Amino acid sequence: MKDAKFSTKSIWAGEKEQLAFGATQVPVVHSVSFGYDDMDEWYEVAVGNKPGHIYGRNTNPTVQAFEEKIRILENAEAATSFSTGMAAISNTLGTLLFPGDRVVSIKDTYGGTNKIFTEFLPKQQVEVVLCETGDHEALEAEVAKGCKVLYLESPTNPTVKITDIKRMAAAGKAVGATVVVDNTFATPVNQNPLDLGADLVVHSATKFLGGHADALGGAVCGRKSLVEAIYHYREINGATLDPMAAYLLLRGMKTLKLRVEQQNKNAAAIAEHLKTFDLVEGVFYPGLPSHPNHQIAKQQMNGYGGMLSFAVKGGVATVRDLLPKLQFANRAANLGSVETVVGPSRTTSHVECTPAERAAMGIPEGLIRYSAGIEDIEDLKNDLSQAFQSLHTYVKK
């Protein structure tokens, strides 16, 4: 498996050890508990001296297969899973940070993450410093003052800004910080933060990993000692991944590379197409040479991802009129699915935030997040064209 290519790993990794009864697919093990006739063996499994399972909140065979697959795809020493992506993020920060600690991050992280930084951690007497995303000098200056955790997200949700992971990981390591990177947008197809120096990678597996908008889940991958500590926090706090969700995520990950590569192509074509409409005042995609950190993205990414965003003239009013006219897009709070998904930040990534908070993060009310699916690109381009054209017709009336 070590020398196999990514597509082969995404299909085979982590599964053989969990197969049973001659099945070629990992079974969904719904059992809450796992029984032992030998009391000594039960004890050895319970304390971790022997492999096995005792209780579903702790571990499960189906869930274990998912964890092993994402571990291998992210080139990590260990991995653990969660009920959602936000559970992965909150459990990671909850494990690493204590009263009196300091965490440095960027301003425009995902809305739920931002709420942890601005609302919850300060209540726990954790000092939070949020820097302008892309201002590497400011980040380095704050990190140099000392911090317990450096938390990054690249590309960001929804502005798809880029941070130089290798550079910032070096800054974090210099002060003994644990460097955490949210890799949800990029996926391990396009980016491997651990190879760039990060200590931990977090994923909302609900998005690209699953890819079919039918299962919630999260994952953390990285150094074994850190992952074990996070697993212990999760097993006690109970944000456990459901076995059925784990099965659906496993099934989705078998086509991860095929899907993401097509989404990369579609997003790049859509980004170029959007530049032709006069109602679009800005297109944000790291694959565009005009992106402020395109060169950094080019260095650290294998592909630029299936996510982009664009700002329209007229703000919310234009968004309200434009999006319902799209025929090949779900208007929903999700991303990374095989279907194209669109929505403004005010109802998707940053619904928890006020307009003032979104503005402070550089997110205009007229920003539309566009998650490119795997549809035929001509259909997606034509769909956008007819939507904008009908909007012009409506405006002229």
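Note that this is a predicted model, so its numbers are computed, not measured.
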>> If hydrophobic clusters are built from ILVMFWY residues whose side chains come within less than 4.5 Å, do F388 and V342 share one?
In response: yes
>> So does D40 get a backbone contact from the side chain of D38, meaning a donor-acceptor N/O pair under 3.5 Å?
In response: yes
> Would a distance-only check, ignoring hydrogens and angles, find a side-chain to backbone donor-acceptor pair under 3.5 Å from T133 to K161?
Replying inline: no
>> I'd like to know if the side chain of S154 and the backbone of T163 have a donor-acceptor N/O pair within less than 3.5 Å.
In response: yes
> Are the side chain of E119 and the backbone N or O of N114 linked by a donor-acceptor pair below 3.5 Å?
Replying inline: no
> Just by distance, with hydrogens left out, do T8 and K5 show a side-chain donor and acceptor under 3.5 Å apart?
Replying inline: no
>> Quick check on the 6.0 Å ring-centre criterion: do Y304 and H294 meet it?
In response: yes
> Between the main-chain N or O of E339 and the side-chain N or O of E375, is there a donor-acceptor pair closer than 3.5 Å?
Replying inline: no
> Is the shortest distance from a Lys or Arg side-chain nitrogen in D376 or K381 to a carboxylate oxygen in the other one below 4.0 Å?
Replying inline: no
> Could you give the distance from CG (L152) to CD1 (I106), rounded to the nearest 0.5 Å?
Replying inline: 6.0 Å
>> Between L249 and R251, is there a side-chain heavy-atom distance shorter than 4.5 Å?
In response: no
>> My understanding is that only residues two or more places apart in sequence, or in another chain, count here; which of them pass side-chain contact (heavy atoms from CB on, under 4.5 Å) with Q18?
In response: V26, P61, Q64, A65
>> Any carboxylate oxygen within less than 4.0 angstrom of a Lys/Arg side-chain nitrogen, looking at R223 and E77?
In response: no
> Where do E67 and R71 land on the salt bridge (Lys or Arg N to Asp or Glu O under 4.0 Å) test, with the steps shown first?
Replying inline: CA-CA 6 Å; E67 293 171 342; R71 180 194 75 78; over 6 Å; no
> What pair of heavy atoms forms the shortest contact from T240 to S83, and how long is it?
Replying inline: O-CB, 3.4 Å
>> If we count only N and O atoms by modelled type, under 3.5 Å, do the side chains of D108 and T159 hold a donor and an acceptor together?
In response: yes
>> One thing to verify: whether K265 and E261 come together as a salt bridge, which I'm taking to mean a side-chain N less than 4.0 angstrom from a carboxylate O.
In response: no
> Measuring from I70:CD1 to T187:OG1, what's the distance to the nearest 0.5 Å?
Replying inline: 8.5 Å
>> If I take atom CZ from residue F328 and atom CD from residue Q386, how far apart are they, to the nearest 0.5 angstrom?
In response: 9.0 Å
> Which residues satisfy the side-chain contact (heavy atoms from CB on, under 4.5 Å) test with L216, sequence neighbours excluded?
Replying inline: T84, T206
> How close do L150 and A177 get, heavy atom to heavy atom, and via which atoms?
Replying inline: N-CB, 4.3 Å
> Sub-3.5 Å donor-acceptor pair from the side chain of K148 to the main-chain atoms of L96, do we have one?
Replying inline: yes
> Rounded to the nearest 0.5 Å, how far apart are SG of C221 and CG of D199?
Replying inline: 13.0 Å
>> Quick test of your reading of the model: are K254 and E15 salt-bridged, counting only N-O distances below 4.0 Å?
In response: yes
> Which atoms form the tightest heavy-atom contact between F208 and R259, and what is the distance?
Replying inline: O-NH1, 2.9 Å
> Judged by atom type as modelled, is there a donor-acceptor pair below 3.5 Å linking the side chain of D135 to the main-chain atoms of A138?
Replying inline: yes
>> Please identify which of these residues, N382, L384, V283, V280, meets the side chain to side chain contact (heavy atoms under 4.5 Å, CB included) condition with H273.
In response: L384
> Checking S10 side chain against L256 main chain: does a donor-acceptor pair fall under 3.5 Å?
Replying inline: no
>> Checking N183 against Q191: is there a side-chain donor and acceptor pair closer than 3.5 Å?
In response: yes
>> Tell me whether R102 is salt-bridged to E127, with the criterion being a basic N under 4.0 Å from an acidic carboxylate O.
In response: yes
> Ignoring hydrogens and geometry, is there a side-chain-to-backbone donor-acceptor pair from H232 to T95 under 3.5 Å?
Replying inline: no
>> Quick one: does any side-chain atom of R234 pair with a main-chain N or O of R57 as donor and acceptor, under 3.5 Å?
In response: yes
> If every non-hydrogen atom of I72 is compared with every non-hydrogen atom of G14, which pair is closest and at what distance?
Replying inline: CD1-N, 4.4 Å
>> Please find the pair of heavy atoms, one from A297 and one from P286, that lie closest to each other, and give the distance.
In response: CB-CB, 4.0 Å
> When the aromatic ring centroids of F310 and Y285 are compared, is their separation below 6.0 Å?
Replying inline: no
>> Side chains of N302 and N190 only: does a donor on one sit below 3.5 Å from an acceptor on the other?
In response: no
> Does a donor on one side chain sit under 3.5 Å from an acceptor on the other, for T184 and H203?
Replying inline: no
>> Does either side chain, that of T109 or that of E153, offer a donor lying less than 3.5 Å from an acceptor on the other one?
In response: no
> What closest approach, in Å, do L19 and T24 show between heavy atoms, and which atom pair accounts for it?
Replying inline: CD2-C, 3.9 Å
> Do L250 and V260 share a hydrophobic cluster (ILVMFWY, side-chain heavy atoms under 4.5 Å, transitive)?
Replying inline: yes
>> Tell me whether L380 shares a hydrophobic cluster with V341, the cluster being built from Ile, Leu, Val, Met, Phe, Trp, Tyr side chains joined at under 4.5 Å.
In response: no
> V63 and V29: side-chain contact (heavy atoms from CB on, under 4.5 Å), yes or no, with the steps?
Replying inline: CA-CA 9 Å; V63 172; V29 180; over 6 Å; no
>> Would you say N58 and E235 are linked by a side-chain donor-acceptor pair, where the criterion is simply a distance under 3.5 Å?
In response: yes
> Step by step, would you call N192 with E74 a side chain to side chain donor-acceptor pair (under 3.5 Å)?
Replying inline: CA-CA 6 Å; N192 294 109; E74 281 289 14; 3.1 Å; yes
